[in-house]
Amino acid sequence: MGRGDLTNEEWAARLKPHLPKTGQRGGRWASHRRIINGVLYRNRTGVPWRDLPARFGKWKTVYERHRRWSADGTWDKIYAAVLADADAQGRIDWSMVSVDSTTCRTHQHAAGARKKPPRVPGKRRTPRQHRPDEGLGCSRGGLTCKIHLAGEGGRRPLALLITPGQWGDARQLILVMERIRVGRLSGGRPRTRPDHLGGDKAYSSRRNRRYLRRRQIKHTIPEPKNQRANRQRRGNKGGRPTGFDKTIYKRRNEVERTINALKNFRAVATRFDKRVYVFQGTVTVAAIRLWLRG
């Protein structure tokens, strides 16, 4: 077993039960464990696919498995199953969930994707995570993309969203919150609401606060000075002051540490994938790895 590979416990108890069965595509698939270890190695080191060590088999096999599972939603299903297992074991800290984003510099190899929409292998539809803009945006430093996420108290991600790098954070809060959906092994509706939500002042808007109140989610989001001054200027029409608890807000560092853990994967910190759905799969694999370690 190489450095960073799945341990026997992680493979047998937490991951293997959720993988697709082998031998369903006209021939026997190469070992799932070896292929996933190859994907994890590439995630951790950021090497080109062609430079994968020979112990993982043919690089093309590893890449195609990753691309196929990113396109047809297999990685998303595995991620959802791992979250459900973690929730059943009481490993998800719902007491405080925080939202934040991080910008990822885009390597020159990630630019120049074909304009023609991609297709799910063997299907006549586009990947679920596909975006016409490929999640690339022009910033001062060049091409960038942004990862928006919700992190739980144990410093692991619950939901992920990829957008172009110049997009603001406030408009993405609702989209990220709608992606929190943790199934229950005992049956019933998935859990979608944390006990408390934290965010920095970039997420402060009347639209976001109205959404959180409608869903009855307690939240701690500081109000920027300009919004506070505008509310006070309007008098009674400006509404009541927003509540803010400094003690609770201190826990927002947990999502910063979650981002730190994600960006320890070099293929996440710097985007090399041309297609946004493949990069979404890369970030999802990194999130799965963090949950398997816990």
Side-chain angles (χ1 to χ4, degrees), residues 10 13-21 36 69-101 120 125-131 147-163 169 171-199 203 207-221 251-252 254-255 258-259 261-262 276-277 280-294:
E10 291 170 347
R14 296 184 179 177
L15 192 58
K16 186 178 180 180
H18 310 307
L19 297 179
K21 304 299 180 184
I36 292 175
W69 284 6
S70 299
D72 63 15
T74 299
W75 284 130
D76 295 330
K77 294 175 184 176
I78 295 172
Y79 182 41
V82 169
L83 285 177
D85 284 348
D87 190 42
Q89 298 167 11
R91 294 193 293 120
I92 298 182
D93 184 357
W94 290 100
S95 64
M96 180 66 169
V97 170
S98 300
V99 290
D100 206 349
S101 69
V120 176
R125 57 184 175 85
T126 57
R128 188 166 64 91
Q129 304 290 357
H130 172 66
R131 300 175 58 100
I147 303 175
H148 305 264
L149 74 155
E152 50 95 44
R155 300 180 297 282
R156 287 160 298 193
L158 286 175
L160 302 163
L161 175 67
I162 310 295
T163 68
D169 292 348
R171 285 187 168 272
Q172 313 311 317
L173 181 139
I174 295 178
L175 296 177
V176 172
M177 292 298 296
E178 293 295 326
R179 292 192 173 209
I180 299 179
R181 196 172 181 83
V182 179
R184 304 175 192 266
L185 298 183
S186 57
R189 294 182 178 180
R191 177 160 184 177
T192 59
R193 292 192 306 168
D195 296 336
H196 204 98
L197 180 75
Y203 294 97
R207 174 173 174 262
N208 287 343
R209 295 184 191 276
R210 192 182 307 119
Y211 167 81
L212 294 172
R213 284 196 297 268
R214 185 173 71 249
R215 293 195 59 192
Q216 299 180 0
I217 299 176
K218 297 179 180 179
H219 54 279
T220 299
I221 301 175
R251 290 192 61 184
R252 205 188 65 82
E254 294 166 354
V255 71
T258 302
I259 290 173
L262 270 180
V276 67
Y277 75 89
Q280 177 86 33
T282 298
V283 180
T284 302
V285 170
I288 292 172
R289 191 70 183 97
L290 293 179
W291 281 104
L292 293 179
R293 289 175 181 168

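FYI, side chains are in, hydrogens and waters are out, and symmetry mates aren't considered; it's all heavy atoms of this structure. Index from 1, following the sequence.
Proximity of Arg131 to Thr163: side-chain heavy atoms (C-beta onward) are separated by under 4.5 Å at one or more points. Side-chain contact between Trp291 and Ile92 is present, with at least one heavy-atom pair separated by less than 4.5 Å. No side-chain heavy atom of Val285 sits less than 4.5 Å from a side-chain heavy atom of Trp69. The closest side-chain heavy-atom distance from Ile174 to Arg207 is below 4.5 Å.
In terms of heavy atoms, Lys218 sits closest to Asp195 at CB-O, 3.9 Å. Of all heavy-atom pairs between Ala287 and Tyr79, the closest is CB-CE1, 3.9 Å. Annotation for Ile180 and Ala150: closest pair CD1-CB, 3.8 Å, computed over non-hydrogen atoms. In terms of heavy atoms, Gln129 sits closest to Val276 at O-CG1, 3.5 Å. The minimum heavy-atom distance linking Val176 with Ala159 is given by the pair O-CB, 3.7 Å. Residues Val99 and Tyr203 share a closest heavy-atom pair of O-CE1, 3.6 Å.
Counting non-hydrogen atoms of neighbouring residues, nucleotides and ligands closer than 6.0 angstrom, the CZ atom of Arg181 reaches no more than 12 such neighbours. The 12-atom threshold is exceeded at CZ of Arg91, counting heavy atoms of other residues, nucleotides or ligands nearer than 6.0 Å.
Side-chain atoms of Arg251 and Ser95 form a donor-acceptor pair, as typed in the model, at a separation below 3.5 Å. Side-chain contact annotation: Tyr211 with Arg215, donor-acceptor N/O pair under 3.5 Å present. Of the N and O atoms on the side chains of His18 and Asp85, at least one donor lies less than 3.5 Å from an acceptor on the other residue.
We find the CD1-CZ distance between Ile288 and Arg14 to be 13.5 Å, quoted to the nearest 0.5 Å. Atoms OG1 and CH2, from Thr284 and Trp75 in turn, are 9.5 Å apart once rounded to the nearest 0.5 Å. Within the model, atoms NE2 of His130 and OG of Ser70 stand 14.0 Å from one another, a figure rounded to the nearest 0.5 Å. Atom CZ in Arg193 sits 8.5 Å away from atom CZ in Arg191 (nearest 0.5 Å). Taking CG of Leu292 as the reference point, atom CD1 of Ile36 lies at 9.0 Å (rounded to 0.5 Å). Put simply, CG on Leu161 and CD on Glu178 are 12.0 Å apart, with the number rounded to the nearest 0.5 Å.
By the salt bridge (Lys or Arg N to Asp or Glu O under 4.0 Å) test, Glu10 pairs with Arg289, sequence neighbours left out.
Of the listed residues (Leu158, Thr258, Ile162), just one forms a side-chain contact (heavy atoms from CB on, under 4.5 Å) with Leu149, and that residue is Thr258.
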(request) Dump the intermediate steps for side-chain contact (heavy atoms from CB on, under 4.5 Å) on Gln172 and Leu175, then the final yes or no. (result) CA-CA 5 Å; Gln172 313 311 317; Leu175 296 177; 3.5 Å; yes

(request) For Val182 and Trp94, run side-chain contact (heavy atoms from CB on, under 4.5 Å): C-alpha distance rounded to whole Å, both residues' side-chain angles, the deciding distance at 0.1 Å, then the answer. (result) CA-CA 11 Å; Val182 179; Trp94 290 100; 3.7 Å; yes

(request) Could you give me the CA-CA distance, side-chain angles and deciding distance for Ile221 and Asn208, then say whether side-chain contact (heavy atoms from CB on, under 4.5 Å) is met? (result) CA-CA 10 Å; Ile221 301 175; Asn208 287 343; 5.6 Å; no

(message) Let's go through Arg252 and Thr220 carefully: what are the C-alpha distance in whole Å and the side-chain angles of both, what is the deciding distance for side-chain contact (heavy atoms from CB on, under 4.5 Å) to 0.1 Å, and is it a yes or a no?
(response) CA-CA 9 Å; Arg252 205 188 65 82; Thr220 299; over 6 Å; no

